[in-house]
K.L.:
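Encoded as structure tokens, here's the structure I'll be asking about.
None of these values were measured; they are calculated from a predicted model.
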Amino acid sequence: MEFTLLPEKKEHETIIVLDFGSQYTQLIARRVREAGVYCEILPFNAPAELICSKKPAGLILSGGPASVFAGLPSEMDVWMSHGDHVTVAPPGFTITAQTPDALNAFEDLSKRIYGLQFHPEVAHTPLGSQVLRNFLMRVCGCSGNWSPLAVIKEQVEQIQELVGGQEKVICGISGGVDSSVAAAIVNRALGKRQVCIFINNGLLREGEFELVSSLLKQSMKLNLLAVRAESLFLKALKGVIDPELKRKAIGRTFIEIFEQKARELGDVRFLVQGTLYPDVIESVSVRGPSAVIKSHHNVGGLPENMNLRLIEPLRELFKDEVRLIGSELGVPDKILKRHPFPGPGLAVRVIGEVTEENVSLLQAADMIIDEELRLADLYNSVWQAFPVLLPISTVGVMG
């Protein structure tokens, strides 16, 4: 199974964050991008050849308790960041800021290395954004002209080159933000050669299959194939209790349907997915020494022997960047502003076995919450609110 298929053609300035296990690594990357500079995260032990191939303007070491400084490519701007307790400056370094009880910053101008022991990426740090911009613009010489919107042109060109002028692709679309924006990008690149497959897995919100089908066809003008497969997913989930196993069962069933439809459409070799950067981080520990959080049904939950090759135009983007791109591509607000919904659907909000009765009960509860939030004019100010079905019966006890 292949994941990153699109060829690298990034001409913009790049900052690399080397992850030593800090919980702030993703936040640093987001703040760098917000400053107008493209940023990627790599594990601390990434080969020097890989780092140099990306031609970074600078490196940020996102430190953890076991951080080390060794084996970095020469002639690069490096900012060592938090995690290591320092009481004296390393040999050759000059202290530039110090509190009575701890060292906050040090530098070695000859090696162009700068160290901080505070968090400029955190919103409440005074002048934190200015410290970060100084590093990016004044030290690394970046112009700050990158925007998530640049991804649209990049990805359109790469997809056209990868797929060629004749082949069709299929897109697994859920009606959520991620898959809809991915479909919009590929639609701009390939038009009707992209067939979007929207599968009713029986785990959607109440009435969602009909609503989303209409939005995708009429508002986004996508070439849509709507498939009802509720019984297949319920069968795959029968007796499954563990959330991780639920995700994997759902991922396998999705792929089986996609592969079947691909055969019916002819010689289709590519599957488009709305995988985001955090999906990858949480599913597989490839960016650093962090532990796996969970397998997303479209990342860690995919079968190893899958016959389709993946196109993932949003794989290196965060959710807020995806929403910005979606707005530029004309994705309707009814999709862009929807609350997040898990790819495996209500299966992961049913604690215990997933049955048709449990799903129906949860759908009814979810609809009530949605209606009440909208009646109170709170829907757009609350990031996410949802019910969970617990396998627990409670009773009142006197005394």
Side-chain angles (χ1 to χ4, degrees), residues 10-146 287-289:
K10 301 184 180 78
E11 299 175 355
H12 42 67
E13 301 148 336
T14 299
I15 294 291
I16 298 295
V17 179
L18 295 178
D19 178 18
F20 283 81
S22 167
Q23 70 270 37
Y24 290 98
T25 299
Q26 289 190 49
L27 182 57
I28 293 170
R30 291 185 64 171
R31 293 291 182 258
V32 172
R33 292 186 185 188
E34 288 169 6
V37 181
Y38 181 74
C39 183
E40 289 187 21
I41 299 171
L42 292 175
F44 72 94
N45 56 356
E49 294 79 7
L50 173 61
I51 298 172
C52 291
S53 71
K54 296 180 179 294
K55 301 177 181 178
L59 304 179
I60 296 176
L61 278 61
S62 181
S67 300
V68 295
F69 175 69
L72 293 173
S74 59
E75 300 181 358
M76 287 188 178
D77 302 308
V78 180
W79 172 24
M80 299 177 67
S81 173
H82 52 246
D84 298 304
H85 182 69
V86 180
T87 54
V88 295
F93 286 76
T94 302
I95 295 174
T96 58
Q98 191 173 22
T99 64
D101 59 346
L103 177 65
N104 291 109
F106 55 88
E107 65 183 15
D108 185 330
L109 294 177
S110 65
K111 295 180 181 177
R112 302 173 76 187
I113 297 175
Y114 305 82
L116 298 176
Q117 201 171 353
F118 59 91
H119 298 277
E121 73 280 358
V122 178
H124 62 257
T125 301
L127 301 178
S129 61
Q130 187 59 49
V131 171
L132 183 56
R133 289 184 64 84
N134 285 345
F135 174 74
L136 297 172
M137 312 308 172
R138 296 172 60 182
V139 176
C140 298
C142 296
S143 58
N145 60 1
W146 180 82
R287 301 291 181 180

K.L.:
Calculate, to the nearest 0.5 Å, the distance between atoms CG and OG belonging to Leu136 and Ser129 respectively.
P.N.:
11.0 Å

K.L.:
Return the minimal non-hydrogen interatomic distance between Val32 and Cys39, and the atom names on each side.
P.N.:
CG1-CB, 3.7 Å

K.L.:
Do Glu13 and Asn145 have side chains that approach each other closer than 4.5 Å (heavy atoms only, starting at C-beta)?
P.N.:
yes

K.L.:
So, taking the atom named OG in Ser62 and the one named CG in Leu42, what distance separates them when rounded to the nearest 0.5 Å?
P.N.:
12.5 Å

K.L.:
I need the minimum non-hydrogen distance between Ile16 and Lys54, along with the two atoms involved.
P.N.:
CD1-CD, 3.8 Å

K.L.:
I want to check something: taking the side chain as every heavy atom from C-beta on, are Arg33 and Trp146 in contact at a cut-off of under 4.5 Å?
P.N.:
yes

K.L.:
If you round to the nearest 0.5 Å, how far is CG of Leu127 from CG of Asn134?
P.N.:
9.5 Å

K.L.:
Looking at Leu18 and Pro43, what are the two nearest heavy atoms and their distance?
P.N.:
CD2-O, 3.7 Å

K.L.:
What's the shortest heavy-atom distance between Gly144 and Val37, and which atoms?
P.N.:
CA-CG2, 4.1 Å

K.L.:
Roughly how far, to the nearest 0.5 Å, is the CG atom of Leu27 from the CD atom of Glu121?
P.N.:
5.0 Å

K.L.:
Compare every heavy atom of Cys142 with every heavy atom of Ala57, then report the nearest pair and how far apart it is.
P.N.:
CB-SG, 3.7 Å

K.L.:
Using a 3.5 Å distance criterion without hydrogens, assess whether the side chain of Glu40 forms a donor-acceptor pair with backbone atoms of Thr14.
P.N.:
no

K.L.:
Which heavy atom of Gln26 sits nearest to which heavy atom of Ile41, and what is that distance?
P.N.:
CA-CD1, 4.0 Å

K.L.:
Rounded to the nearest 0.5 Å, how far does CZ of Arg31 lie from CD1 of Ile60?
P.N.:
12.5 Å

